[in-house]
Amino acid sequence: MSLPARYTRPELLDRLAADWLTGGLSPAAQRRAQQLLEQSPGFARAVQIWRERLDARLLSAAEYGQPSAAVWQGIEARIATGSSQAEAGKVGTTTGWGVRAWQRLSLLLGGVTVAALALSVVVLLQAPRQTPTVQMAALLHGQNGQAAVLTVHDGTLTLTAVGTLAAPSGKSYQIWLLPTQGAPVSLGLVVPGQTLYPLAAAARKRLGQAKAFAVSVEPPGGSPTGLPTGPVIMVGAALRA
Amino acid sequence: MSDLNVLLAYTALADRDAFSQLYALTRDRSWAICLRLLRDRAVAEEAMQDAYVKVWNQAAQYRPDLGSAQGWLTALVRNTCLDYLRAGRREAQHVVALQPDDAGEPLQLADHRSPQALLEAGMQGRHMEDCLEQLQPRQRDLLACAYILGQSHAEVARDRAMPLGTVKTLIRRAVLQLRDCLGEGAR
């Protein structure tokens with residue numbers, strides 16, 4: 001998407017960045033600035049420079065000191081207890097990332113029995129001559145009993161569901177790679193009855209960083225934002241050959 | 001997508017490493033907000049804990065299409081502190097005494113080095129201090145309100161019981177002074 005020519009003028013981007021960070025934009029202009037941040041490297045750089053300038057003095061330790069280490073220790077202790085989950089229940093309906101379900105399901109990553117996963121992977125990795133060498137595998141499962149085996153070989157993803165895997169009317173299922181760093185990467189939409197999904201070059205490049213795979217419920221045609229927005233129905237840790 | 005957006009997304013996935021990184025990245029600003037609003041270190045630390053436990057629990061509620069991750073976090077921390085104030089645990093003491101209005105005085109530039117030299121110095125932070133020292137205390141206070149607390153000019157004006165036009169003028173003038181002092185823009 002091309003930006004209006006005026007947004008290539010450094011002095012305008014600089015002024016806009018400073019106004020944005022110091023409360024000088026209307027709510028509508030703030031939203032436009034947020035969009036511009038994603039589209040214009042020049043604006044992102046201007047914002048970063050102004051942040052560094054203002055942080056250097058207005059947020060310096062000399063000005064406010066720093067919170068004690070006990071603060072972080074207290075936070076860790078509180079989220080480590082069941083209280084965090086209890087409080088999570090008070091949050092209300094799922095909004096935003098749509099990842100209240102992500103949060104719940106991600107806990108399953110640790111909850112999957114090692115034995116079951118190991119067995120699955122051993123079977124998948126050792127199946128002789130039935131499939132090409134499997135580079136990666138994951139056993140996906142969800143709270144409502146959904147389950148699927150996902151494997152990757154030769155740039156193709158195979159998703160074999162237990163039972164049928166058909167999205168509700170007016171919805172699509174979307175497959176995601178969750179990298180160790182960075183945002184989730186879409187691997188495409190689930191097509192009922194299809195098990196083989198060729199991976200785009202961009203997705204193949206990220207395979208080495210995969211820590212998990214997931215399937216989420218999205219609007220027809222997939223997530224409009226490029227990130228998972230709906231509840232996740234299955235998730236599973238990635239294991240490599 | 002910013003690093004903070006990504007860290008927030010993974011925090012929603014209950015990723016403790018990401019949450020730890022998010023804390024390290026945002027701690028200084030959040031601490032400034034808490035201390036500026038609550039003034040008492042012990043109370044501010046208590047509010048910091050509450051705020052970040054909320055971040056952990058509510059990260060999934062962040063809507064990238066409605067604003068920046070930093071804005072969301074700033075609002076959450078600020079609202080947590082305001083809850084403390086409302087609960088009467090601590091009276092608001094963040095309104096500083098107003099200084100005489102000397103905004104009309106001409107700004108004296110610290111030096112006349114080249115823009116490039118000024119920028120390099122500015123990036124090191126030290127020159128920024130020099131430039132900020134040139135602002136009047138009231139300008140610095142208003143600038144800090146807007147930047148640290150993430151307040152709009154209208155919100156600053158309301159909290160300070162000042163005319164909106166005056167706040168706009170003082171903050172914008174402060175920004176212009178900083179820009180002139182530091183060298184024009186990012187160039």
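Every chain is numbered from 1 and lettered A, B, ... according to where its sequence line falls, protein lines coming before strand lines. Just so it is clear, the values below take in all heavy atoms, side chains as well, and ignore hydrogens, waters and symmetry mates.
For chain A, the nearby parts of B:Arg29 are the backbone and the side chain; heavy atoms of each come within less than 4.5 Å. When heavy atoms are compared at a cutoff of 4.5 Å, A:Ser68 approaches chain B by way of both its backbone and its side chain. When heavy atoms are compared at a cutoff of 4.5 Å, B:Tyr147 approaches chain A by way of both its backbone and its side chain. Contact of A:Ala70 with chain B is made through the backbone alone, with heavy-atom distances under 4.5 Å. Using a 4.5 Å cut-off between heavy atoms, A:Pro224 makes no contact with chain B at all.
Applying the side chain to side chain contact (heavy atoms under 4.5 Å, CB included) test to B:Gln151 and every residue at least two apart in sequence or in another chain returns B:Arg78, B:Cys145, B:Leu149, B:Glu155, B:Val156, B:Asp159. Residues satisfying the side chain to side chain contact (heavy atoms under 4.5 Å, CB included) test with A:Ala147, not counting sequence neighbours, are A:His141, A:Val162.
The residue among B:Asp17, B:Val167, B:Asp28, B:Ile148 with the most heavy atom pairs within less than 4.5 Å of chain A is B:Ile148. Per-residue counts of heavy-atom pairs under 4.5 Å with chain B were compared for A:Gln35, A:Arg15, A:Gln48; the largest is that of A:Arg15. Between chain A and the residues B:Ala18, B:Ala174, B:Ser20, the most heavy-atom pairs under 4.5 angstrom are made by B:Ser20. Options A:Thr22, A:Thr225, A:Leu25, A:Asp19 differ in how many heavy-atom pairs under 4.5 Å they form with chain B, and the most are formed by A:Thr22.
Using cut-offs of 30° and 60° on the angle between ring planes, the pair B:Phe19 and B:Trp56 is tilted.
Counted by atom type alone, A:Tyr64 and B:Arg36 present one or more donor-acceptor pairs between their side chains at under 3.5 Å.
B:Arg39 places no side-chain N or O within 3.5 Å of a backbone atom of B:Cys34 that could act as its donor or acceptor partner. The closest donor-acceptor contact from the side chain of A:Glu218 to the backbone of A:Thr229 lies under 3.5 Å.
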Problem set entry | Residue pair B:Asp141, B:Arg138: steps toward the salt bridge (charged side-chain N to carboxylate O under 4.0 Å, His left out) verdict | CA-CA 5 Å; B:Asp141 175 59; B:Arg138 181 165 71 164; over 6 Å; no

